[in-house]
Structures are given as C-alpha cells and as structure tokens.
Amino acid sequence: MNYEAVIGLEVHTQLATRSKLFCSCSNEFGSVQNANICPVCSAQPGVLPVLNARAVRYAVKAALALNCKINPTSIFARKSYFYPDLPKGFQTSQYDRPFSSGGYIDISLPDGTLERIGLTRIHMEEDAGKNIHEGSGSLVDLNRAGAPLIEIVSEPDLRSPEQAVEYLKKLKAILTYIEVSDCNMEQGNFRCDANVSVRKTGEKKLGTKVEIKNMNSFRFIEKALSYEIERQSALLAAGTPIVQETRLFDSDSGTTRSMRRKEEANDYRYFPEPDLQPLIIDERMINELKSEIPELPDAKIERFIGEYSIPRYDAEVIATDKSLAVFYEKLVSVTNDPKLSSNWIMMEVMRVLNDQKISIDDFSVDYRRLGELLLLVIKKEINQQTAKDIFNEMLGSPVRPSEIVDRDSLRQIQDHSFIEKIVDDVLARSQDQVAQFKSGKDKVMGYFVGQVMRQSRGKADPAVVNAILLKKLKE
Ligand code: ADP
Ligand code: ZN
Ligand code: MG
C-alpha cells in the first residue's frame with residue numbers, strides 16, 4: 001500500500017523589538033534570570049497591558065511580505081493555561097479574529113518547479129517564561145514572559161519532510177530580509193510545531209493528525225517528520241487507527257513519543273481580552289510598511305538568474321541569506337565573473353562560515369580581497385589550487401593575495417616552451433604509461449598531468465599542460 005504524507009506547520013517567531021509586547025521590559029536575550037520583569041509581565045494584581053506599537057508594525061510587515069490579507073480590526077483573546085511559567089493563568093493571544101489571514105510562500109522543488117504553500121493565518125501573541133528544573137525543585141525565569149511573537153500557520157499543503165524544510169528556510173529568509181526577527185533557532189526565536197498525517201495516495205480526505213513539538217533545528221524537523229510518517233504508515237498498514245495526540249521528538253533516539261492527547265479549543269476557555277482595545281490597522285500604516293519592504297528572496301533569486309546567468313541552485317543558496325547576497329553582488333562588481341564568484345562563495349566561503357559558525361558579516365576576508373584573488377585566477381596568473389591555498393592563508397591574516405603570490409613566486413607558468421620541456425621529460429621516462437595510453441587507457445592522462453604539475457612545482461597552467469600533453473601523445 002502506498003501512503004502520502006500531509007504536513008502543516010505552525011511557526012512561532014519572536015519579534016526583534018526592544019521591549020516586550022505589553023510592557024516596557026527589555027526583550028533582550030541572555031540577561032540574568034528575572035532581570036527583565038515588571039508588575040505587568042509577572043502578573044501582579046491590578047496592572048494593565050499596553051500594546052507595543054513597534055511589535056504591531058513588525059507583525060504587519062511580516063504579513064505583508066508573506067502575501068497575507070491584513071484584517072482592519074482584530075481582537076486579542078485570553079487562552080487559559082495553568083503552568084508556572086505563565087503566571088497570569090492565561091496567554092494573551094488572538095483567536096477567531098487574527099490580524100491577518102491567507103497568504104502563501106513559494107518553495108522550489110528538487111525538479112526546479114515552484115510549489116505554492118498556503119498560509120491559513122498569522123496572529124500575534126505573547127511568549128511564556130521558562131521553567132528550570134534543578135535537583136528536587138523547579139525555578140521559573142520570567143524574562144521571556146510577555147515577549148512578542150507571531151504565529152504563522154500553514155495550510156496542510158506540504159507533502160514531504162524535505163518540502164517542510166524548504167518552507168521553513170524560505171520563511172526564515174523572508175523574515176530576516178525584512179528584519180522583524182533574527183530567527184535564531186538556538187535561542188528559540190524561530191520554533192516550529194509540525195502537524196502530520198498520512199493517507200492512502202490518491203485519497204482526498206485528510207487523515208488523523210499528530211502534532212510534534214520540541215524540534216529546534218531543520219535537521220531534527222526533517223528527522224522527526226520522517227520517523228512519524230513511517231510510524232503512521234506502518235500503523236495504517238496494520239489496520240490500527242492513528243490517535244490524535246501531541247508527541248515529543250527525542251533527538252537522541254531520533255524518534256517521537258506520546259506526550260498528551262490533543263487538547264480541544266474549548267479546553268482553553270478562549271474569551272476576548274477585556275483589558276485591550278480591538279486592534280485597528282489602517283490603510284496608511286499598511287502603505288507605509290509596504291514601502292519599507294525591500295527586494296525579497298524570490299525576487300532576488302529571479303534577478304540573479306536573469307542578471308548574472310547563474311543556475312537557479314546558486315541563486316537560491318546565495319539569496320537565502322541577505323548579507324551573503326550583498327557580498328556576492330559586490331564580489332561580482334570586482335570580478336565581473338558571476339559564475340566563478342558564486343562557485344567560490346558556495347564552496348570556499350560557505351565552508352568557512354559553517355566551520356566557524358559565523359555569518360558573512362563577521363568573515364575575515366572582505367569582498368575586495370576575495371575579488372583580487374579571483375582576478376588572479378581569471379587572468380590565469382594562478383590556478384585554482386594555488387588560489388585555494390592562498391585563500392586559506394588569507395583567512396588568518398590581512399595579507400593581500402598578490403603579496404603572497406609575489407612572496408612565494410606562485411605566478412602560474414604559461415610559457416609553452418618551458419612546459420613543453422617538462423612534458424618531453426616526463427614522457428621520456430614514462431614509457432610504460434605512454435604505451436598504456438596508446439592502447440586506449442585514457443586514465444593515465446591524470447598521471448602525466450600530475451607529474452608535469454609536480455615538476456613545475458604546481459605552477460604550470462593545467463590547461464596548457466593538458467593541451468601540450470595531448471598533442472605530444474597523439475604525435
Ligand atoms: P488544531 O485545531 O489542532 O489546532 P488546526 O486545524 O488549527 O488544528 O491546524 C493546525 C495545523 O495543523 C495547521 O498548520 C494545519 O495546516 C495542520 N493540519 C490540520 N489538519 C491536518 C491533517 N489532517 N494533517 C496534517 N496537518 C494538518
Ligand atoms: Zn514587564
Ligand atoms: Mg488551531
């Protein structure tokens with residue numbers, strides 16, 4: 001039996017405002033426990049919330065960038081919980097009248113086509129604090145209580161764990177482009193709950209879904225979904241019905257386990273927040289925010305493909321990170337070679353960024369130095385291998401590439417008569433390999449090139465070496 005996965009994601013993103021959603025406490029990450037609290041966010045009696053105008057602007061900006069409809073009037077609601085990290089006894093959220101509905105995100109599939117994933121809604125809400133379990137007791141840190149969040153809910157339009165990750169990457173790219181959130185997953189500023197069900201391929205009706213929580217990296221989300229799809233498919237194949245429930249992902253075992261049966265909306269006792277006015281978002285604010293939205297990832301990807309004639313893959317990798325895209329365009333302005341530049345960014349630069357866990361903004365080689373290095377390659381003064389060695393040296397020192405080339409006299413040798421001499425020499429003492437080549441073993445070509453390169457101490461231009469070798473071998 002063939003089964004198809006159906007996935008819908010709920011993403012909580014923390015807005016990068018200076019203060020919290022309903023009080024003026026700092027919204028900064030990493031302060032000492034309970035340093036950023038006041039009577040409002042610690043739920044003292046008699047206090048009143050005041051809505052943070054900047055948080056509203058960020059939320060609306062996000063909705064506009066995600067092609068959503070902005071609802072002119074929306075209502076905050078109390079969602080009842082009883083947890084120590086939520087001292088009010090309820091979370092101030094939005095329920096049946098969110099500030100935004102509809103919208104979509106386009107993701108690209110492995111075959112290069114685009115798939116449009118619908119959004120159901122986006123609403124604003126406050127974050128809870130954090131319970132810290134220590135020894136036999138538990139402590140509560142309320143620094144995060146009242147932090148501004150938006151929850152972005154997708155339609156059940158995703159069909160595989162890979163698509164889910166593509167969706168999240170695109171969403172993260174858009175939100176960071178418009179600078180409403182840093183989407184830092186390690187700090188919990190971009191959290192995803194995944195809803196997943198399976199059904200027989202071709203079936204129209206949705207299957208019973210399970211919600212998976214506790215995944216703080218794209219890799220874990222992909223793993224958890226894959227595991228869950230396998231688990232549900234096996235149950236269905238055995239004729240066992242799926243139980244609607246919330247499950248936790250355990251990254252050590254790569255499995256999910258049941259946490260609680262799914263709560264129903266009426267368990268939350270939603271009701272309109274009496275302490276807050278309806279939120280009115282007017283045309284003027286919408287137009288103002290629209291005008292602040294920069295070129296977004298999709299538009300940049302298409303422009304890169306059109307303007308620089310680079311493959312879609314390169315454009316997507318580079319344009320997903322706004323700063324990297326800026327770096328790339330500056331690099332191309334120096335080298336005038338879009339493909340060589342994208343290759344170097346994707347291979348060498350991104351390798352270093354990943355190793356050092358830094359962003360391009362903190363990279364030790366600026367676009368001018370890298371551009372100078374690539375120009376040496378383009379002018380054939382050095383070959384790619386030499387360039388990589390020089391690049392590695394540049395990482396740890398402000399030295400310019402041309403200085404290294406001069407210091408170590410690395411300039412590539414184009415001189416045909418010089419290379420011809422070496423080729424003659426190598427062929428003369430490789431009679432066996434020459435015979436092999438003549439009997440059709442093309443593979444020994446690599447051996448010849450290697451010998452010539454070694455004898456020239458890596459400086460011969462490999463293209464010239466190849467040409468001369470072929471000419472001589474065919475004589
Ligand atoms: P709940 O009432 O449990 O919150 P919702 O209908 O509000 O469920 O949907 C929450 C999320 O789950 C959405 O992202 C939605 O796309 C997704 N979803 C809903 N039904 C299914 C299903 N049968 N399979 C997979 N995902 C689903
Ligand atoms: Zn406060
Ligand atoms: Mg729901």
Side-chain angles (χ1 to χ4, degrees), residues 3-12 17-28 31 34-44 47-52 55 66 79 86-88 92-96 98 101-105 117-123 125-129 141-148 151-161 163-164 167-168 171 191-200 203-213 221 224-225 228-229 232-233 236 241-247 259-268 270:
Y3 294 103
E4 172 189 56
V6 173
I7 300 165
L9 301 178
E10 297 167 287
V11 174
H12 287 91
T17 54
R18 283 192 291 267
S19 52
K20 293 187 182 179
L21 189 52
F22 300 117
C23 62
S24 56
C25 288
S26 167
N27 186 31
E28 205 179 17
S31 305
N34 292 312
N36 302 335
I37 63 174
C38 73
V40 174
C41 55
S42 63
Q44 306 304 308
V47 297
L48 288 170
V50 177
L51 182 59
N52 179 339
L66 295 168
K79 181 180 187 182
L86 194 74
K88 294 195 293 188
T92 305
S93 180
Q94 294 190 312
Y95 178 48
D96 51 358
S101 328
Y104 60 85
I105 295 177
I117 307 302
L119 300 182
T120 313
R121 59 185 277 162
I122 305 181
H123 64 256
E125 63 185 26
E126 61 181 341
D127 209 345
D141 176 9
L142 292 179
N143 278 349
R144 200 163 226 168
E151 177 172 343
I152 300 145
V153 183
S154 87
E155 289 289 293
D157 286 351
L158 297 155
R159 292 291 172 269
S160 68
Q163 285 185 18
Y167 168 91
L168 292 168
L171 174 58
R191 315 193 286 259
C192 171
D193 297 336
N195 298 270
V196 54
S197 62
V198 298
R199 62 183 173 192
K200 283 183 197 157
E203 179 96 51
K204 284 277 169 293
K205 206 166 142 273
L206 293 177
T208 303
K209 77 174 158 79
V210 159
E211 180 172 355
I212 318 171
K213 291 196 181 288
I221 290 163
L225 284 169
E228 191 55 29
I229 291 165
Q232 292 183 22
S233 304
L236 287 190
I242 308 296
V243 181
Q244 184 167 342
E245 62 184 350
T246 301
R247 295 177 72 88
M259 180 167 92
R260 56 168 186 249
R261 76 174 175 85
K262 176 69 193 170
E263 52 285 272
E264 301 291 331
N266 55 13
D267 294 342
Y268 291 126
Y270 276 107

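Counting starts at 1 for both ligands and their atoms, in listed order.
Excluding water, every protein N/O/S atom under 2.8 Å from the Zn ion (ligand 2) is given here by residue and atom: Cys23 SG, Cys25 SG, Cys38 SG, Cys41 SG.
In Arg18, the CZ atom is not crowded: 12 or fewer heavy atoms of neighbouring residues, nucleotides or ligands sit closer than 6.0 Å. For Gln44, the CD atom is densely surrounded, since the number of other residues' heavy atoms within 6.0 Å is greater than 12.
A cation-pi contact, defined as under 6.0 Å to the ring centre and within 45° of the axis, links Lys79 to Tyr268.
Checked against a 3.5 angstrom limit, the closest N/O atoms of Thr208 and ligand 1 fall outside it. The shortest N/O to N/O separation between Ser197 and ligand 1 falls below 3.5 Å. Any N or O atom pair closer than 3.5 Å counts here, and Val153 shares no such pair with ligand 1. Distances between N or O atoms of Gln244 and those of ligand 1 include no value under 3.5 Å.
The pair Lys88-Glu126 meets the salt-bridge criterion, since a charged nitrogen lies less than 4.0 angstrom from a carboxylate oxygen. A salt bridge is defined here as a Lys NZ or Arg NE, NH1 or NH2 lying under 4.0 Å from an Asp or Glu carboxylate O, and Arg261 with Glu245 fails to meet this definition.
Under a 4.0 Å criterion applied to the non-hydrogen atoms of Ser154, ligand 1 contributes the atoms 13 (C), 14 (O), 15 (C), 16 (O). Numbered from 1 in the order shown, with element, the atoms of ligand 1 that lie under 4.0 Å from a heavy atom of Pro156 read 16 (O), 26 (N), 27 (C). Atom numbering of ligand 1 starts at 1 in the shown order; those under 4.0 Å from a heavy atom of Gly207 are 23 (N). The atoms of ligand 1 that sit less than 4.0 Å from any heavy atom of Leu206 are 23 (N). Residue contact check: Val6 has heavy atoms under 4.0 Å from atoms 24 (N), 25 (C) of ligand 1.
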- Item | Residues Asp96, Arg121; criterion salt bridge (Lys or Arg N to Asp or Glu O under 4.0 Å); working and verdict | CA-CA 10 Å; Asp96 51 358; Arg121 59 185 277 162; over 6 Å; no
- Message: Test salt bridge (Lys or Arg N to Asp or Glu O under 4.0 Å) on Arg159 and Glu4; report intermediate values, then the result.
- Response: CA-CA 7 Å; Arg159 292 291 172 269; Glu4 172 189 56; 3.7 Å; yes
- Determine, stepwise, if the pair Glu10 / Asn195 fulfils side-chain hydrogen bond (donor to acceptor under 3.5 Å, both in side chains). CA-CA 8 Å; Glu10 297 167 287; Asn195 298 270; 2.9 Å; yes
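No side-chain donor-acceptor contact under 3.5 Å links Thr208 and Gln244. A donor-acceptor pair shorter than 3.5 Å cannot be found between the side chains of Asn143 and Ser31.
The part of Leu9 lying near ligand 1 is the backbone, judged by heavy-atom distances below 4.0 Å.
Considering only non-hydrogen atoms, atom 8 (O) of ligand 1 lies nearest to Lys209 out of Glu155, Lys209, Lys205.
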